[in-house]
Amino acid sequence: MNIQSKPSLARPSWATLSLVSCAALTLTAISSQAMAASNSVSIKVVGNQRCMQSNGIPNHRTGTFPNRGNPHRISTQRIKLCVSTNPRKGSRARAVRGTVGFALNGIILRPGTADYYDPSSRRGFSRNRSSGWNLEGLGARDKLGMDSNNAHVDNRGIYHYHGPSAGMRRSAKGTLVGYAADGHEIHYLGSRVKSSYRLKSGTRPSGPGGRYDGTYNEDWAYVAGSGNLDRCNGGTLNGKYVYFATNQYPFFPRCVYGRIGSGFQALGGGGRGRDGVRPQRRNRQHARAGDGQRRLGNRGQRRSSEGRRRGPPQVAINACQSRASGNRCSFRTPRNNRRISGTCRMTREQVRACVPSGGRAPRG
């Protein structure tokens, strides 16, 4: 696909680019009176890094929080994310958990959730992954207390988008609305682009049952060529590879083809909390979060990909990217090209991977 962008008549305000040094993401709640604060964001470039700093407060009106589906209040933050200014598209897609990018107004993009169908829970879902049916953010928007900007708040007061909205586009520069975790641009072209994910037909074979209706991620399947975007919601715009924010699932890219930037959580979890947030303390309210976050206080139980324990290898994850939990799968090991057969299952790192029959999820 090669899309030509149309010139924009409006010139909305956006963050000024200048030179600063970049560090890893730091994201900490600093105020519970966030709604008295105004949007503060800067996007600055030094060398080959583009760094975004924000207080996490949007430049538009939000819904009311707490609400029936979301018990949390918006809090001001210290957010810093850095990505490459010269991203390169590789040949292999890498799934991204948690934050997949940031909008030009400083609000993070987090389309997925960590909640799963759980009939034993009062709400019908929890962070118990055993069912294998992962709640889709906008597919269950009422249950998760989304506002009209396809956003809500997590247990630390972080306001974040699950899909594109008019509020997010207020800070767009032409069609550019933000940057992905690997540094590639994210554009919004409305109906001019179409994702290649389609709702499955028929009924769910397990878990919640009922017809596939988009409530769960497993309701969707990637069908190459059914749209004009690739598996990661990407394509070519004016001769350059970019990702797109779409009005249809997956809404934002949920995988990337480049190297993930500073502060973004790649596969395998880490000593930091989800999205690079340093765990501060145990929070009883955490269990009621609208889109589940990793339990606080578990520092060190799961180590980062930079050292020691890692998640399943990419080949095992790729084998299940278009398959539901419980489906048969196979992959070849990178070292000796040995064929491994197994079943698609959610691992403890909250990624779906091909787990060898009768064994544990392989490690990368």
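Being a predicted model, the structure only gives us computed values, none of them experimental. Here, residue 1 is the first one in the sequence, and each next residue gets the next number.
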Can you check whether Cys320 and Cys344 have SGs under 2.5 Å apart?
yes
Side chains of Ser126 and Asp118: do they bring a donor and an acceptor to under 3.5 Å?
yes
Testing the 3.5 Å rule here: is there a donor-acceptor pair between the side chains of Asn48 and Asn86?
no
Taking only residues at least two apart or on different chains, which pairs with a member in residues 89-192 satisfy disulfide bond (SG atoms under 2.5 Å apart)?
none
Check side-chain hydrogen bond (donor to acceptor under 3.5 Å, both in side chains) between Ser196 and all other residues, then give those that pass, not counting sequence neighbours.
none
All heavy atoms of Pro164 vs all of Asn150, minimum pair found to be O-ND2, 2.7 Å
With no hydrogens and no angle check, just 3.5 Å: does a side-chain donor-acceptor pair link Ser84 and Arg50?
no
Compute the centroid of each ring, for His184 and then for Tyr241, and state whether the two points are separated by less than 6.0 Å.
yes
Side chains of Trp133 and Ser206: do they bring a donor and an acceptor to under 3.5 Å?
yes
Over all heavy atoms of both residues, which pair between Asp115 and Arg127 is shortest? Give the atoms and the distance, please.
OD1-NH1, 3.6 Å
Side chains of residues 242-259: which donor-acceptor pairs under 3.5 Å do they make with residues two or more places apart or in other chains?
{"residue": "Tyr243", "atom": "OH", "partner": "Asp182", "partner atom": "OD2", "Å": "2.7"}
{"residue": "Tyr243", "atom": "OH", "partner": "Tyr257", "partner atom": "N", "Å": "2.8"}
{"residue": "Thr246", "atom": "OG1", "partner": "Asn233", "partner atom": "ND2", "Å": "3.1"}
{"residue": "Thr246", "atom": "OG1", "partner": "Gln248", "partner atom": "O", "Å": "2.7"}
{"residue": "Asn247", "atom": "OD1", "partner": "Tyr188", "partner atom": "OH", "Å": "3.0"}
{"residue": "Asn247", "atom": "ND2", "partner": "Tyr188", "partner atom": "OH", "Å": "3.0"}
{"residue": "Tyr249", "atom": "OH", "partner": "Asn217", "partner atom": "OD1", "Å": "2.6"}
{"residue": "Arg254", "atom": "NE", "partner": "Pro250", "partner atom": "O", "Å": "3.2"}
{"residue": "Arg254", "atom": "NH1", "partner": "Glu136", "partner atom": "OE1", "Å": "2.9"}
{"residue": "Arg254", "atom": "NH1", "partner": "Asn217", "partner atom": "OD1", "Å": "3.0"}
{"residue": "Arg254", "atom": "NH2", "partner": "Glu136", "partner atom": "OE1", "Å": "3.0"}
{"residue": "Arg254", "atom": "NH2", "partner": "Glu136", "partner atom": "OE2", "Å": "3.1"}
{"residue": "Arg254", "atom": "NH2", "partner": "Pro250", "partner atom": "O", "Å": "3.2"}

Non-hydrogen atoms of Arg141 and Asp147 that approach each other most closely
NH2-O, 2.7 Å
Here's a test for you: under side-chain contact (heavy atoms from CB on, under 4.5 Å), which of Ile108, Ile74, Val153, Ile107 qualifies with Ile158?
Ile108
Does atom NZ (Lys194) have a neighbourhood of more than 12 heavy atoms from anything else shown, all under 6.0 Å?
no
